Number of protein chains: 2
Amino acid sequence: MEVRKPYDIDSLTDVALRVFAERGYDGATMDDVARAAGITKAGIYHHVTGKEALLARGLDRALAALQAILAEPAANRGRAAERVRFIVRRVAETACSLLPELTVLFRVKATSPATESAVERRRAFDRAVARLIAEGQADGELSTAIEPGLATRLIFGTSNSIVEWYRPGGALKPAQLAAAIEALLFEGLGPAKS
Amino acid sequence: MEVRKPYDIDSLTDVALRVFAERGYDGATMDDVARAAGITKAGIYHHVTGKEALLARGLDRALAALQAILAEPAANRGRAAERVRFIVRRVAETACSLLPELTVLFRVKATSPATESAVERRRAFDRAVARLIAEGQADGELSTAIEPGLATRLIFGTSNSIVEWYRPGGALKPAQLAAAIEALLFEGLGPAKS
DNA sequence: AGACGATGTTACTAGCGAGTATACGAGGAG
DNA sequence: CTCCTCGTATACTCGCTAGTAACATCGTCT
């Protein structure tokens, strides 16, 4: 009664994403993935059509998670500034919990139909946030010193950088990290002013 | 009297870095570099010992520029908080002016002696800034809400993200961008308070 | 003029990495 | 016990890429 199918598409995607995140998609070989999965390269092709399919599945996971954030109630009610803060926090938490997926998404270049579509979906996410920031500025709740598009890029520059160094299991918990990022981006590093 | 040596090591490094930045080091081929330089692949090998040498030269340029920032007078006199702000501004400006070099540096993984040493030198830079932030916190001029090491990572997460989207020639000038980053990181996105 | 050296070019080589053809082996149905 | 199916492994193919070898070109020095 031992599991007869220890390897299905999803578990192989898990493994592949960890390898891609570590070595880079181009730098990772299918043998690397196979070794990490404890299987042979040829075995992988019984479950997946190819290397790019693994990438595409990972990008899909990451984008679905980001879009899910925009669909959460707290991202859709209340004042714009609060909604932006919520999204920033949730993106940071998601970066921690879906680390390999978001690592791959944040590094991907548009070089094929699959990656082009992923890049486009990601841009759409950024645009949604930029609109929200513009709204918050119009409400007078966000500083107008920075143009919304630029603010969006810098915000995600900050939170996306999580994937470059965060490793689960450390002392820093995702919620703490998210709170720190929120504090930095909205209150700044200067001395407390209020 | 036309230039007799259009291709020397440095100009080839220029070209190679642009290609590496665009395609990624692993994704770029020596033929890509050759084509971009308007030369044959074999021709490159008359000037450079190999692909990794081009990478190493680029990493060296980037790290030299970062270290030069730490050596500037404004980074060594005055209050710690001001010095940190200066460094943040200069890193942002350098990211604009040495875009390909810093793009490659920020994406490099430690996979060979050359890249390991680059990653280590970069860490040393981060540590120097972290020490300065700790000093600024001790002075009471920087918020103690964030641990210095984390603050450093997030600061450079923000400014390093420039290389993902900034392209020279646009309306946004490096100095403006640097000022915007400084404002975001130190004053925050919240409404102006003081 | 003629030889040399620096710079390029047109072939190659060698090896790695994605993907495949085929054989193997274990469990279930008859 | 036999056949079928599913998953896996072994042993390939084949293209692409870093790097090389041998030949061509051209300015320069004598």
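Reckoned from all heavy atoms, side chains included, excluding hydrogens, waters and symmetry mates. Chain letters run A, B, ... following the sequence lines, proteins first and then strands; every chain starts at 1. Treat the numbers as computed from the prediction; the structure is a model and nothing was measured.
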Review point. Looking at dG19(D), dA21(C), dA21(D), which one has an atom nearest to any side-chain atom of Tyr45(B)?
Key: dG19(D)
Point to revise | Pairs touching residues 86-104 of chain A that satisfy side-chain hydrogen bond (donor to acceptor under 3.5 Å, both in side chains), sequence neighbours left out | key: Arg61(A)-Glu101(A), Glu72(A)-Arg90(A), Arg89(A)-Glu182(A), Arg90(A)-Glu93(A)
**Study point:** All pairs passing ring pair (Phe, Tyr, Trp, His ring centres under 6.0 Å) where residues 34-77 of chain B contributes a residue, at least two apart
**Key:** none
Practice item. Round to a whole Å and report the spacing from CD1 of Ile9(B) to C1' of dA6(C). Key: 13 Å
Check your understanding: Do Glu187(B) and Arg85(B) meet the salt-bridge criterion of a basic N to acidic O distance under 4.0 Å?
Key -> yes
Review point. Listed in order of residue number, which residues of residues 23-41 of chain B have a non-hydrogen atom at under 4.0 Å from DNA chain D?
Key: Ala28(B), Thr29(B), Met30(B), Lys41(B)
**Study point:** Residue pairs, two or more places apart or on separate chains, that pass side-chain hydrogen bond (donor to acceptor under 3.5 Å, both in side chains) and touch residues 167-181 of chain B
**Key:** none
**Study point:** Polar side-chain contact His46(A)-dT8(D) base: donor and acceptor under 3.5 Å
**Key:** yes
Using a 3.5 Å cut-off and no angle test, enumerate the donor-acceptor pairs between side-chain atoms of residues 16-25 of chain B and protein atoms at least two apart in sequence or in another chain.
from     : atom 1 : to       : atom 2 : distance (Å)
Arg23(B) : NE     : Asp32(B) : OD2    : 3.3
Arg23(B) : NH2    : Asp32(B) : OD1    : 3.1
Tyr25(B) : OH     : Glu52(B) : N      : 3.4

Review point. Which side-chain hydrogen bond (donor to acceptor under 3.5 Å, both in side chains) pairs, counting each pair once, include a residue from residues 144-161 of chain A, with sequence neighbours left out?
Key: Thr158(A)-Thr158(B)
Revision key, fill the gap. Residues of residues 49-58 of chain A with a heavy atom under 4.0 Å from any atom of DNA chain C, listed by number, are Gly50(A), Lys51(A)
Review point. Should His47(B) be listed as having a side-chain N or O under 4.0 Å from OP1 or OP2 of dG8(C)?
Key: yes
Check your understanding: Got a sec, which pairs hit ring pair (Phe, Tyr, Trp, His ring centres under 6.0 Å) with one end in residues 59-114 of chain B, sequence neighbours left out?
Key -> none
Practice item. Sequence neighbours left out, what passes ring-ring contact (aromatic ring centres under 6.0 Å, His included) with Phe125(A)? Give chain and number order. Key: Phe156(A)
